[in-house]
Amino acid sequence: MAYPFIKIEKKWQKYWDENKTFQTPENPDPSKPKFYVLDMYPYPSGSGLHVGHPEGYTATDIIARYKRLKGFNVLHPMGWDAFGLPAEQYAIETGTHPKVTTEKNINRFREQLKSIGFSYDWDREVDTTDPDYYKWTQWIFIQLYKKGLAYLADVPVNWCPVLGTVLANEEVIDGKSERGGHPVYRRPMRQWMLKITAYADRLLEDLEGLDWPESTKEMQRNWIGKSKGAEVDFHIENIDETIRVFTTRPDTLFGATYMVLAPEHPLVPVITNTDNKESVNAYIKQTQSKSDLERTELAKTKSGAFTGAFAINPVNKKAIPIWIADYVLMSYGTGAIMAVPGQDERDWEFAETYNLPIIRTVEVPSNFEGKAYTGDGPAINSGFLNGLHVKEAKAKMISFLEENKFGEGKTNFKLRDWLFSRQRYWGEPFPILHDKNGNSTTVDENELPVTLPEMEDFKPQPVADDDTNPKPPLSRAPESWKYVEKDGVIYTREFNTMPQWAGSCWYYLRYIDPKNSNQLVDGQKEKYWMSVDLYVGGAEHSVLHLLYARFWHKVLFDLGIVSTKEPFQQLVHQGMILGETEYTLYKNASGEPISAESCNGLSQEELDKKGIVGTQINEDDITKSGDYFILKDNTKIRVDARSFKMSKSRGNVINPDDIITNYGADSLRLYEMFMGPLEAMKPWSMTGVEGVNRFLNRIWRLLIKEESGAVLEKVNDDEVSKNQLRELHKAIKKVTEDIEAMRFNTAISAMMIFINEAYKWNTIPKKLIQDFVILLNPFAPHLSEELWTKLNFDRTVAEQKWPTFNEAYLQVDEVEWVVQINGKIREKILTSKNISKEEIEKKVLQFGRIPALLEGKNICKIIVVPGKLVNIVAN
RNA sequence: GCCAGAGUGGUGGAAUUGGUAGACGCGCUGGAUUCAAAAUCCAGUGGGAGCAAUCCCGUGUGGGUUCGAGUCCCACCUCUGGUACCA
C-alpha cells in the first residue's frame with residue numbers, strides 16, 4: 001500500500017501558502033548571510049509544464065530549502081517571460097486576445113509549480129507583460145537611448161516572412177528562425193539597434209571571473225569573436241579611390257595576389273569597368289536573390305566575378321586584380337579582403353577556381369601535404385620580413401604600415417549590434433515619439449508606461465516585396481494611441497515593439513523589489529541581494545539571453561543602478577530529459593525485418609522512399625550481442641536502441657501532472673534528481689520513478705503503521721547506538737557535501753543506504769530519525785513535514801537547523817586492508833586502525849595465502865596506503 | 001571542417017588527490033508470504049573456467065608512464081552540443 005501522498009501533499013502546499021512559509025522578508029536579518037538562487041523563468045506556453053521544467057527547478061528548490069536550514073536569508077523567486085510569439089500566433093489562429101491566453105497560461109503554470117511544492121516567494125512574482133513591469137523595461141530603453149546606445153539605422157536585417165518580423169543575428173540559425181525554423185531573408189530596413197558592440201571588450205573580459213560552464217563561456221567568446229590584425233589601404237589603379245581591407249595576417253601581405261570585395265560593397269559600381277559591368281551586375285543579382293539559407297547551402301564551391309579594376313599592393317607596388325565574391329561578407333571587417341591563397345584555405349579554393357596566382361609567404365613544414373598553410377613558420381618571398389616567424393612578422397608589418405601611412409593595427413569583433421525591434425503586437429511598446437521630419441524623441445519618464453493599445457486585429461501583415469516596408473500591427477492602433485501631442489507638436493508613436501529578450505534582460509533585479517513604483521530596484525536592497533549566487537537554466541540560452549542580460553546589466557552598472565559588474569555569479573545548465581529508450585526494428589517494403597545498420601545514416605525521407613518502416617518493439621524480444629542489440633529469435637537482425645527528444649509528434653512526452661497524480665510530487669522531485677547528474681542529458685524511465693516512489697514508501701513504512709497511520713512502537717526514545725550514529729553521520733556528511741556540489745543523485749543514494757540500514761534495526765530512536773527527516777526535507781518536503789508532525793517533533797522542518805556531522809562518529813575500530821601482490825588483490829585483512837606501517841607489513845607477509853604466493857619470489861618493495869592497501873612488489 | 005563535452009554491466013548511473021571498478025536505483029533469478037496474484041520482505045546478479053577453494057578477462061580502440069590507471073600522457077574511433085566562408 002502506498003503512503004497517502006495526495007492527502008499529504010495537498011495539506012502542506014496549503015499550509016505553506018497560508019502561512020507564507022517561504023516569504024523573503026522585505027528587510028531581512030542583516031546578521032545572516034544571503035543567498036540568491038534563481039531559475040530561468042518560463043515562457044508560459046499553452047501546453048503547460050513539461051518534465052524538463054521541474055528538473056532545474058527542483059535542483060534550485062533543494063538548494064533554497066537547504067540554505068534556509070543552514071541559516072541563510074534566501075531569495076528564491078519565480079515569474080513569467082510572457083511576451084512572445086507563441087501566444088500571439090495562437091491569438092491569431094483563434095482570435096483570442098494574447099492577454100487572455102497569457103493570463104490563462106500563467107495561472108496554469110503557477111498551479112502546476114505549486115503542485116510540485118516549490119518554495120518560491122510567490123509575493124515576488126513578476127510578469128513581463130504587466131504594465132507595472134514593462135514600465136521599467138521601457139525606462140531602461142530610455143536610458144539606453146540617452147546614452148546613445150539605442151539608435152535607428154537602415155541596415156540589412158534578417159527578415160522572416162512567415163513570422164512577419166525581423167530577427168536578431170542570434171535568432172537566426174543556419175538561415176532559419178530559431179523559433180519555428182522558418183526561412184530568413186536579408187533585406188534593408190530602418191530599425192532600432194542597441195549598441196552591444198560598445199561593450200564587446202567588457203563582455204569578453206568579465207567572463208573570466210564567472211563560475212560558469214567553460215563551454216558556455218567559450219560560446220560567448222566565439223560569438224563576440226575578437227580578432228586582432230590590421231587594416232591596410234590599397235589604391236586603385238587609374239581611379240582616385242582606396243579600398244581598406246581588414247586582415248588578421250598582415251605578415252602575409254607580400255602574398256596578396258588579388259583582392260575581393262563583398263558584392264554589396266559601395267565601391268563596386270565605382271570601380272567596375274564597362275567590359276565587366278554586365279557580369280558583375282548579374283553576379284550581384286544572383287547573390288541577392290538567395291536567402292541566407294541558400295547562400296550557406298550553396299557555399300560548397302566558391303563563385304565570384306572580376307571587376308576589371310586593379311589595386312596596388314602597398315608593400316611591393318604590384319597591381320592585383322579586384323574581384324567580387326559572396327564569400328566576403330559586407331557585415332564583417334571592411335567588407336573587403338586582400339586574398340592570400342598561400343595562407344588561407346578559402347582564398348586558395350577561390351584562386352584555384354579562377355586560376356589566380358598563389359604565392360606562399362610562410363615556409364611549409366617538410367611533411368606538409370595540404371594546400372593553404374595556416375600554421376607558423378619562417379616568412380619567405382616577403383622582402384624585409386623574410387625569416388621572421390608569424391608573430392614577429394605581424395608586428396613588424398604593422399609598424400611598417402603605420403610608419404608609411406598604409407594602414408594600422410586594428411581589432412575586430414564578430415559581434416554585431418543588437419537588432420532590437422520586431423514587427424509584432426505582443427511586446428513592449430517603445431517609449432519613442434517621431435515628429436513629421438523623422439526626428440525621434442523619448443516619452444517623458446513620468447508618463448511611463450506606454451501601454452499596449454487594445455486592438456481587434458493584431459496580425460502581422462505580409463509585405464509584397466523588398467521595397468515596401470512592413471506595417472507593424474500597432475500602425476493600425478486607434479488614432480488616440482498613435483498620435484501624441486507634446487508642447488504643441490503632434491508626434492507619432494513608434495509602431496515596432498521590443499523583442500522577447502527585453503523583459504528577461506533585467507527580471508532578476510525586479511524580484512529584489514517587485515512592487516517599487518518609484519524605482520526599478522531600491523539601491524540598498526540591490527546591494528544586499530546582488531549578485532545572483534546561483535542561476536540554473538537551459539544551455540539553449542548560452543548566447544542569446546545570457547549575453548543580452550549581461551549587456552544590460554553593464555549599462556545599468558555604468559548608470560550606478562546596480563552594484564555588480566556581472567549579474568550571475570554561478571551558472572549551471574540542467575541537461576535535457578529525453579523520452580524513454582525506444583527499440584526500433586526496421587522492416588522493408590514487403591514487411592520483412594531488416595538489420596538496423598542498413599538504415600544507419602538514412603534520413604526519414606530516404607527511408608520513406610525505400611518503404612522502410614521502423615516499428616517499436618518490446619525490450620523482452622531483444623538481447624545484446626557485442627555492441628549491438630539483436631532480435632532474440634532472429635539474431636542476424638540488429639535493432640536500434642535510442643532515446644529521443646520528447647515531442648508531441650513522437651508521442652513520447654511525459655506530463656508531470658500524471659507523475660504527481662500517480663506517484664506524488666515528492667516522487668517526481670526525487671526521480672528528476674536521482675536520474676543522473678543535473679547537467680547530463682538523460683532518458684526518462686517510468687520504472688525509475690517507481691523505484692524512488694518505493695523508497696519513499698519504505699521510509700513511511702519504516703516509521704508508520706500502514707493501517708492506522710500511527711507511529712510504530714519501535715520508534716521510541718531509546719538511546720542511539722554507536723552503529724546507528726555512524727550510519728546517520730555518514731548520511732549527514734554525504735548529503736551535505738553532495739548538495740553543496742549539486743550532486744543530488746548521490747545524495748539520494750546516501751539516504752537510501754541509510755534507510756536500508758535502518759530496516760535492520762529493532763529500534764529506531766526518535767533522536768536519530770529526527771535528523772534524517774531534516775536531511776530528506778529539501779528533496780521530499782511534503783513527506784518530510786508529515787513525518788515530522790507524526791513523530792510529534794517541535795514546529796515544522798522548515799524552521800529547523802540543518803544537522804552537522806561529527807567526524808568522531810564516523811570512526812571505526814577496525815579497518816580492512818587490501819593485500820595485493822604486484823597490483824593484484826590476493827587477500828583482505830582486518831586490523832585495528834592504529835597499526836603502524838612496519839606492523840602491517842610484517843603482519844601481511846605472514847597472513848593467509850600470502851607466504852605461499854610469495855614462495856620463490858624476491859620482495860622488491862612494499863607499498864602501504866594507510867588504512868587501505870598493501871601492495872607487495874615481487875618477482 | 002573548427003570549438004567544447006562525453007564513451008563504465010542487460011539498464012540509469014557510482015567511484016576525494018592514481019589505491020578493493022560497478023555504490024544506489026531499475027531489470028532479471030531464486031526464496032518467503034498468499035488459495036492465487038499484486039504489493040511487500042530476504043538472498044543473488046560484469047563475463048568466462050571450475051564440484052569447490054580459486055583463477056583468468058574486463059571502464060570505446062591501440063600504445064605509454066607507474067608498484068598500481070576508469071582516473072595521467074600520446075594517437076585513433078564513436079556519440080552529443082555549439083558553430084560555419086568572421087578574412
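Note that this is a predicted model, so its numbers are computed, not measured. In what follows, every chain begins at residue 1, and chains take the letters A, B, ... in the order their sequences are listed.
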Peer 1: Would you call A:Lys302-A:Glu349 a salt bridge at under 4.0 Å N-O?
Peer 2: yes
Peer 1: Using a strict threshold of under 4.0 Å (side-chain N to carboxylate O), is an ion pair present between A:Glu408 and A:Arg244?
Peer 2: yes
Peer 1: Give A:Ser215 one of three labels, base, sugar-phosphate or nothing, depending on what nucleic acid heavy atoms sit under 4.0 Å from its own.
Peer 2: sugar-phosphate
Peer 1: When the distance from CG of A:Asn618 to C1' of B:rC28 is rounded to whole Å, what number comes out?
Peer 2: 14 Å
Peer 1: Which one, B:rU83, B:rG19, B:rU40, comes nearest to the side chain of A:Arg701?
Peer 2: B:rU40
Peer 1: In whole angstrom, give the distance that lies between atom NZ of A:Lys410 and atom P of B:rA87.
Peer 2: 13 Å
Peer 1: Kindly point out which of B:rG10, B:rC85, B:rA87 is positioned nearest to the side chain of A:Lys302?
Peer 2: B:rC85
Peer 1: Using atom P of each nucleotide, how far apart are B:rG13 and B:rU80 to the nearest Å?
Peer 2: 15 Å
Peer 1: Return the pairing partner of B:rG1 with a 3.5 Å limit on both distances, Watson-Crick or G-U wobble; otherwise return none.
Peer 2: B:rU83
Peer 1: Think A:Lys824 has a side-chain N or O under 4.0 angstrom from the OP1 or OP2 of B:rC57?
Peer 2: yes
Peer 1: Which sits closer to the 5' end of RNA chain B, A:Trp223 or A:Phe629, going by the nucleotide each is nearest to?
Peer 2: A:Phe629
Peer 1: Write down the distance separating the P atoms in B:rC57 and B:rA21, rounded off to the nearest Å.
Peer 2: 13 Å
Peer 1: Is A:Pro677 touching bases, backbone alone, or none of the nucleic acid, heavy atoms closer than 4.0 Å?
Peer 2: sugar-phosphate
Peer 1: Start at the 5' end of RNA chain B and walk down; is the nucleotide closest to A:Met576 or to A:Gly335 reached first?
Peer 2: A:Met576
Peer 1: Taking OP1 and OP2 of B:rA39, is either one under 4.0 Å from a side-chain nitrogen or oxygen of A:Arg694?
Peer 2: no
Peer 1: State whether the number of non-hydrogen atoms from other residues, nucleotides or ligands found under 6.0 Å of A:Lys705 atom NZ is greater than 12.
Peer 2: yes
Peer 1: Which base, if any, makes a Watson-Crick or G-U wobble pair with B:rU78, both distances under 3.5 Å?
Peer 2: B:rA6
Peer 1: Among the candidates B:rA87, B:rA21, B:rG13, find the nucleotide nearest to the side-chain atoms of A:Asp344.
Peer 2: B:rA87
Peer 1: Between B:rG25, B:rG68, B:rU20, which one does the side chain of A:Glu816 approach most closely?
Peer 2: B:rU20
Peer 1: Using the P atom as the point on both nucleotides, what is the distance between B:rU59 and B:rG47, in whole Å?
Peer 2: 15 Å
Peer 1: For B:rG9 versus B:rG27, give the span between their C1' atoms, rounded off to a whole number of Å.
Peer 2: 12 Å
Peer 1: Take atom CH2 of A:Trp684 and atom C1' of B:rU11, then tell me their distance rounded to the nearest Å.
Peer 2: 17 Å
Peer 1: Quick one: A:Arg743 CZ to B:rA23 P, roughly how many Å, whole number?
Peer 2: 18 Å
Peer 1: Distance check needed: B:rU40 P versus A:Asn756 CG, whole Å only.
Peer 2: 13 Å
Peer 1: Which one is paired to B:rG58, where only Watson-Crick or G-U wobble pairs with both distances under 3.5 angstrom count?
Peer 2: none
Peer 1: Do other residues, nucleotides or ligands put more than 12 heavy atoms under 6.0 Å from A:Lys714 NZ?
Peer 2: yes
Peer 1: Is there a side-chain contact between A:Asn745 and the phosphate of B:rA14, meaning an N or O under 4.0 Å from OP1 or OP2?
Peer 2: yes
Peer 1: Hey, does A:Leu869 reach any base, or is it just sugar-phosphate, or nothing, if we go heavy atoms under 4.0 Å?
Peer 2: base
Peer 1: In whole Å, measure the gap between the P atoms of B:rC55 and B:rC35 for me.
Peer 2: 48 Å
Peer 1: Test A:Pro263 against every option in A:Leu329, A:Val268, A:Asp326 by the side chain to side chain contact (heavy atoms under 4.5 Å, CB included) rule and name the one that passes.
Peer 2: A:Asp326
Peer 1: Name the nucleic acid region contacted by A:Arg642, choosing base, sugar-phosphate or nothing; use a 4.0 angstrom heavy-atom cut-off, strictly under.
Peer 2: nothing
Peer 1: Using O4'-C1'-N9-C4 for purines and O4'-C1'-N1-C2 for pyrimidines, with syn meaning within 90° of 0, is B:rG9 syn or anti?
Peer 2: syn
Peer 1: Rounding to an integer number of angstrom, what distance separates B:rC26 and B:rG62 when you compare their P atoms?
Peer 2: 35 Å
Peer 1: CZ of A:Phe413 to OH of A:Tyr332: how many Å apart, nearest 0.5 Å?
Peer 2: 9.5 Å
Peer 1: Side-chain N or O of A:Asn222 versus OP1/OP2 of B:rC2: is the shortest distance under 4.0 Å?
Peer 2: no
Peer 1: Taking only the side-chain heavy atoms of A:Thr247 (C-beta and beyond), determine which of B:rA87, B:rU11, B:rC24 contains the nearest atom.
Peer 2: B:rA87
Peer 1: When the aromatic ring centroids of A:Tyr327 and A:Trp348 are compared, is their separation below 6.0 Å?
Peer 2: no
Peer 1: Looking only at atom C1', what distance separates B:rG70 and B:rG22, rounded to whole Å?
Peer 2: 11 Å
Peer 1: Within the 4.0 Å heavy-atom criterion, would you say A:Gln820 contacts the bases, only the backbone, or no part of the nucleic acid?
Peer 2: base
Peer 1: Under a 3.5 Å limit for both distances, which nucleotide forms a Watson-Crick or G-U wobble pair with B:rC51, could you say?
Peer 2: none
Peer 1: Quick one: which of B:rC67, B:rA87, B:rA15 gets closest to the side chain of A:Thr746?
Peer 2: B:rA15
Peer 1: Under a 3.5 Å cut-off for both contacts, is B:rC67 paired Watson-Crick or G-U wobble with anything, and if yes, with which nucleotide?
Peer 2: B:rG19
Peer 1: B:rU20 base to A:Lys868 side chain: any donor-acceptor pair below 3.5 Å?
Peer 2: no
Peer 1: Using whole Å, what does the distance between atom P of nucleotide B:rG81 and atom CD of A:Glu218 come to?
Peer 2: 19 Å
Peer 1: Counting the atoms with a prime plus P, OP1 and OP2 as sugar-phosphate, which does A:Thr687 contact under 4.0 Å by heavy atoms, base, sugar-phosphate, or nothing?
Peer 2: sugar-phosphate
Peer 1: The side chain of A:Met681 is closest to which nucleotide in this list: B:rC57, B:rG12, B:rU80?
Peer 2: B:rU80
Peer 1: Paired with B:rG44: which nucleotide, if any, by Watson-Crick or G-U wobble criteria at under 3.5 Å for both distances?
Peer 2: B:rC28
Peer 1: Contact class for A:Glu690 (heavy atom, under 4.0 Å): base, sugar-phosphate, or nothing?
Peer 2: nothing
Peer 1: Side chain of A:Leu329 only, please: which of B:rA21, B:rC85, B:rC55 is the nearest?
Peer 2: B:rC85
Peer 1: Any side-chain heavy-atom pair from A:Leu696 and A:Tyr663 closer than 4.5 angstrom?
Peer 2: no
Peer 1: Separation of A:Arg849 atom CZ from B:rU54 atom C1', in whole Å?
Peer 2: 7 Å
Peer 1: Counting side-chain heavy atoms from C-beta on, which of B:rC26, B:rG25, B:rA87 comes nearest to A:Met752?
Peer 2: B:rG25
Peer 1: Taking atom P in both B:rG25 and B:rA43, compute the distance separating them and give it to the nearest angstrom.
Peer 2: 12 Å
Peer 1: Indicate yes or no for a side-chain donor-acceptor contact from A:Gln343 to the backbone of A:Val362 under 3.5 Å, with no hydrogens or angles considered.
Peer 2: yes
Peer 1: Is A:Ser227 close enough to B:rA87 that one of its side-chain N or O atoms is under 4.0 Å from OP1 or OP2 there?
Peer 2: yes
Peer 1: Counting heavy atoms from C-beta on, name the nucleotide in B:rG19, B:rG10, B:rC41 closest to the side chain of A:Arg698.
Peer 2: B:rC41
Peer 1: Please determine whether a side-chain nitrogen or oxygen atom of A:Lys645 lies at a distance below 4.0 Å from atom OP1 or OP2 of B:rU80.
Peer 2: no
Peer 1: State whether the side chain of A:Asn697 and the backbone N or O of A:Tyr3 hold a donor-acceptor pair below 3.5 Å, judged by distance alone.
Peer 2: yes
Peer 1: Remember a base hit wins even if backbone is also touched, and classify A:Ile863 as base, sugar-phosphate or nothing at under 4.0 Å, heavy atoms.
Peer 2: base
Peer 1: Who is the Watson-Crick or G-U wobble partner of B:rA39, with both distances under 3.5 Å?
Peer 2: none
Peer 1: May I ask you to say what A:Arg221 touches in the nucleic acid, namely base, sugar-phosphate or nothing, with a heavy-atom cut-off under 4.0 Å?
Peer 2: nothing
